[in-house]
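All remarks here apply to the structure that follows.
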Amino acid sequence: MAKNLLIVESPAKAKTINKYLGKDFHVLASYGHVRDLVPKEGAVDPDRHFAMNYEVIDRNEKHVDAIAKAAKTAEALYLATDLDREGEAISWHIAEILKARGLLDGRDLHRVVFSEITPRAIKEAVAHPRKLSMDLVNAQQARRALDYLVGFNLSPVLWRKVQRGLSAGRVQSPALRMIVEREEEIEAFKAREYWTIEADCAHPDQAFKARLTRLRGKKFEQFDLTNETDAHAAREALLRSAQGRLVVANVESKERKRRPSPPFTTSTLQQEAARKLGFSTSRTMKIAQGLYEGVALGDEGVVGLITYMRTDAVSLSMDAIAELRDVIGRDYGARALPEQPHFYRNKSKNAQEAHEAIRPTSALHRPKDIAHYLSDEQRKLYELIWKRALASQMQHATLNTVSVDLDAGGDSMFRASGTTVVDPGFLAVYEEGRDAKNAEDEDEGRKLPAMTIGEAVPLAAIEADQHFTEPPPRYSEASLVKALEEYGIGRPSTYASIIQVLLNREYVILESRRFRPTDVGRAVGKFLSGHFAQYVDYDFTAKLEDELDAVSRGEEDWVPLLEKFWKPFKATVDDKNETVDRSEATGARELGIDPKSGKPVQVRLGRYGPFAQIGTKDDEDKPKFASLRPGQSMHTITLEEALELFKLPRNLGKADDGEEITVGVGRFGPFVKHGSMYASLQAEDDPYTIELPRALELIRAKIEAAANRVIQDFGNGIQVLNGRYGPYITDGEKNARIPKDKEPRELTEAECAALLAAAPNRPKRGGGRFGKGKAAKTTAASAEKAPKKAAAKKAPAKKAAAKKAPAKKAPAKKATVKSVKTAAEK
């Protein structure tokens, strides 16, 4: 039996480290967090100095029990969770659990940290343990308490004022504000016309283009050419004054140095992986986690390939620098190696917590040598990390920029520039990506022909080109992470989760790899900015992060920090609950007057999304409602577009049996209706343009599907049906699986009754945290999911029901336009 027990977070890491430490150590994994706040009100008690009520996480209870069992026979315990404050907190939670179970008495407790999983680093860490850092633990507790207090107090305000089921996060909300404000900038942007003038120079050695920089003695920008007439007048004047040639007035050659970027931090890795590899932030971190925990490299066994990937430090250890320099000298020659190593200064005051930048654990593991051991994604990300680290220690690049001024006569001047690489230095290995190119980037790589002052260069043409100013771009994952870092919002371990939460809550969507806020996201963002401005303020959020950092360094106490936040925050929550009008909170807009009825038209956010409304609840007749179409936004829709929505339901004509065929939009999407039968439209169908033949085709398909659905019907409510996930038995109340060795068509009524009797009862789902919602009714879609739990996990109940209910069951109550009206009124 091993005398030492060492605890890490992941099983992959445990397996690797176990090999390094040998038989004296038993290595177990906690599988991440082991305890968390009780998920109910009162888990953080502000009246008792923010006492926090923790419980063991259900899914990790068996792992905690395994650790406790192993601890009983161990002489010493080593806590080796991740080296950041979150890892410190996990170690503390494990220690607290073991202490409560009486398993720390008489046993040594050590905290060990390492930034790479290599034999040397692991053995070094175990040989030099330290005590748990309560400063780091309290910083993490304070962060968790703040997130809990914001979520449990602010989210219910959103339910009451905006829409049920919403939630607000302390750090995600400022990020949402950024995306919403950028969208508003784009909408408010007015494109402005401007013109540029270029000369096509037909130099005998090489043709090139030159930009107009001076016109009739003034800088070209001062003329502000904003229309075709002025631009072409300037062009004609230049053609007359140039007389078919431009004369070289000045040649300037300037040599400059470009220095390499520092090795990766979490933020810069996520940005570059997004730009160069198209990886999402969460994907980048998942792949990096695998590289950190270890990959099997043939005879070498499992090797951790990179250092810890959650860091805002840019420094490198001297051992790492020495090895990088050896590889540079060997593979790229002495010319690529600077005389002295490059040292980079950490921007973050707290960067010492994470020790080093992200780098290969050994530069000798060249990407091309180990590529066949890696997946394609692992190879790409490892190569990015390896090249960036290597380049950071290489010689600067030497560039030569030549600029030529060309006289067009009439005191007008053109300029051409070109940049060539004299010595590539680090550029031979790596060049940092950019979100947008500038004029300097366009000149780079362009070489101009040799020219001397006074030389006449033949002029092939002068072109005037029209342009329009462009709005600021929407945030990409790379630019959003960069902005969050610049504002000081979040920390290395939170960037990916911030983005994932915004996507999961459907506050934003990704379009062409750019973030666009949804109407719900905009309503939440605007509500928080308008009524909780301080708490989504960028400087306030950044200052709070700095204070948490101060707690982690032992410079500030965590309880006064929470007290300072809590009292004014709670007062604001209580006030807004009483004073804010729901229409204002949801961002309702008045669009104008309906010409037919003379009633006001507005758009609002309802329980099931944005909708248009004609009339008000005070009118004698009830208002009319219509859901917005996909792609429409309540913030940009016009009166004309809103009125188009009320053309549904449409009468398409009659079927052969004389029944009318109509098309409309219900809670679960667009449908066609034939008598009491409903059929969902497909993705390619448009309810505003669909014609009778296509509608009849959908009805026929629905009839055929219904006919094939019933395998057996015993006439007493018991049926054997074909479901979305395969055959199953139902009596309308319960569902039962069909044994694999049974043929559905050969089942008897008695066998079906027995299987239903043995099937577990499935309670109806209640609505909301406080159980005030309506119990969910059993639909055909939910009945089909019951026999296949695993499949149901892949298709969330809400989405499956939304897709299937009109097509499968479609009671008139749920699918008619009237039901949309009722839902919208609520």
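What you see is a predicted model, and the numbers here were worked out from it, not measured in a lab. Atom set for the values below is all heavy atoms of this structure, side chains included, hydrogens, waters and symmetry mates excluded. We count residues from 1, following the sequence as given.
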*asked:* My understanding is that only one of I489, L484, T284 makes a side chain to side chain contact (heavy atoms under 4.5 Å, CB included) with Y495; could you say which?
replied: L484
*Cationic tip of R182 above Y475 ring, under 6.0 Å, 45° of axis*: yes
_Keeping T469 on the side-chain end and A191 on the backbone end, is there a donor-acceptor pair under 3.5 Å?_
no
_S267: which of E485, E486, E272 passes side-chain hydrogen bond (donor to acceptor under 3.5 Å, both in side chains)_ = E485
*Taking only Lys NZ, Arg NE, NH1 and NH2, and the carboxylate oxygens of Asp or Glu, determine whether R522 and E181 approach each other closer than 4.0 Å.*
no
*Would you mind reporting whether L146 and W566 have side-chain heavy atoms less than 4.5 Å apart?*
no
*asked:* When you measure from the side chain of T281 to the backbone of Q270, do you find a donor-acceptor pair of N or O atoms at a distance under 3.5 Å?
replied: no
*For the side chain of R650 and the backbone of G664, is there at least one donor-acceptor N/O pair under 3.5 Å apart?*
no
*How far apart are the C-alpha atoms of K570 and E563, what are their side-chain angles, what is the distance that settles it, and do they pass the salt bridge (charged side-chain N to carboxylate O under 4.0 Å, His left out) test?*
CA-CA 11 Å; K570 185 65 168 66; E563 287 173 343; over 6 Å; no
*Measure from the side-chain N and O atoms of S173 to the backbone N and O of G169, and report whether any donor-acceptor pair falls under 3.5 Å.*
yes
*Go through the side-chain N and O atoms of E641 and Q632 and say whether any donor and acceptor fall under 3.5 Å apart.*
no
*Is a side-chain N or O of N577 found less than 3.5 angstrom from the main chain of D574, in a donor-acceptor match?*
no
*Does E640 use its side chain to pair, donor to acceptor, with the backbone of A642 at less than 3.5 Å?*
no
_Which residues pass the side chain to side chain contact (heavy atoms under 4.5 Å, CB included) test with K526, not counting sequence neighbours?_
V180, E184
_Heavy-atom donor-acceptor pair, T518 side chain to Y507 backbone, under 3.5 Å_ = yes
_Closest non-hydrogen atom pair between T311 and T266, with its separation_ = N-OG1, 2.7 Å
*Considering only heavy atoms from C-beta outward, does the side chain of K380 approach that of E377 to under 4.5 Å?*
no
_Residue pair R85 / S552: nearest heavy atoms and the distance that separates them_ = NH2-OG, 3.7 Å
*asked:* Quick one about Q602 and R589 (side-chain donor to acceptor, distance below 3.5 Å, no hydrogens or angles considered), yes or no?
replied: no
*Heavy atoms only: give me the nearest L605-V520 pair and the separation to one decimal.*
CD1-CG2, 4.0 Å
*Report the distance from atom CZ of F540 to atom CD of Q534, rounding to the nearest 0.5 Å.*
4.5 Å
*In sequence, state the C-alpha distance, the side-chain angles, and the governing distance for R170 and D147, and then conclude on salt bridge (charged side-chain N to carboxylate O under 4.0 Å, His left out).*
CA-CA 6 Å; R170 181 182 63 85; D147 291 343; 2.8 Å; yes
*Check whether any side-chain N or O of T494 sits under 3.5 Å from a backbone N or O of R491 as a donor-acceptor pair, and report yes or no.*
yes
_Main-chain N/O of L149 paired with N153 side-chain donor or acceptor, under 3.5 Å_ = yes
*Does atom CG of D581 have more than 12 heavy-atom neighbours, drawn from other residues, nucleotides or ligands, at distances under 6.0 Å?*
yes
_For T616 against P600, the heavy-atom pair lying closest together_ = CG2-CG, 4.0 Å
*Please find out if less than 6.0 Å separates the ring center of Y535 from that of F565.*
yes
*Identify the heavy atoms of A142 and L548 that sit nearest to each other, and give their distance.*
CB-CD2, 3.6 Å
*asked:* For K622, is there any backbone N or O sitting under 3.5 Å from a side-chain donor or acceptor partner on D619?
replied: no
*Identify the two heavy atoms, one from Q500 and one from S282, that lie closest to each other, and give their separation to 0.1 Å.*
OE1-OG, 3.2 Å
_Taking atom CD as the centre, does E470 end up with more than 12 heavy-atom neighbours from other residues, nucleotides or ligands that are less than 6.0 angstrom away?_
no
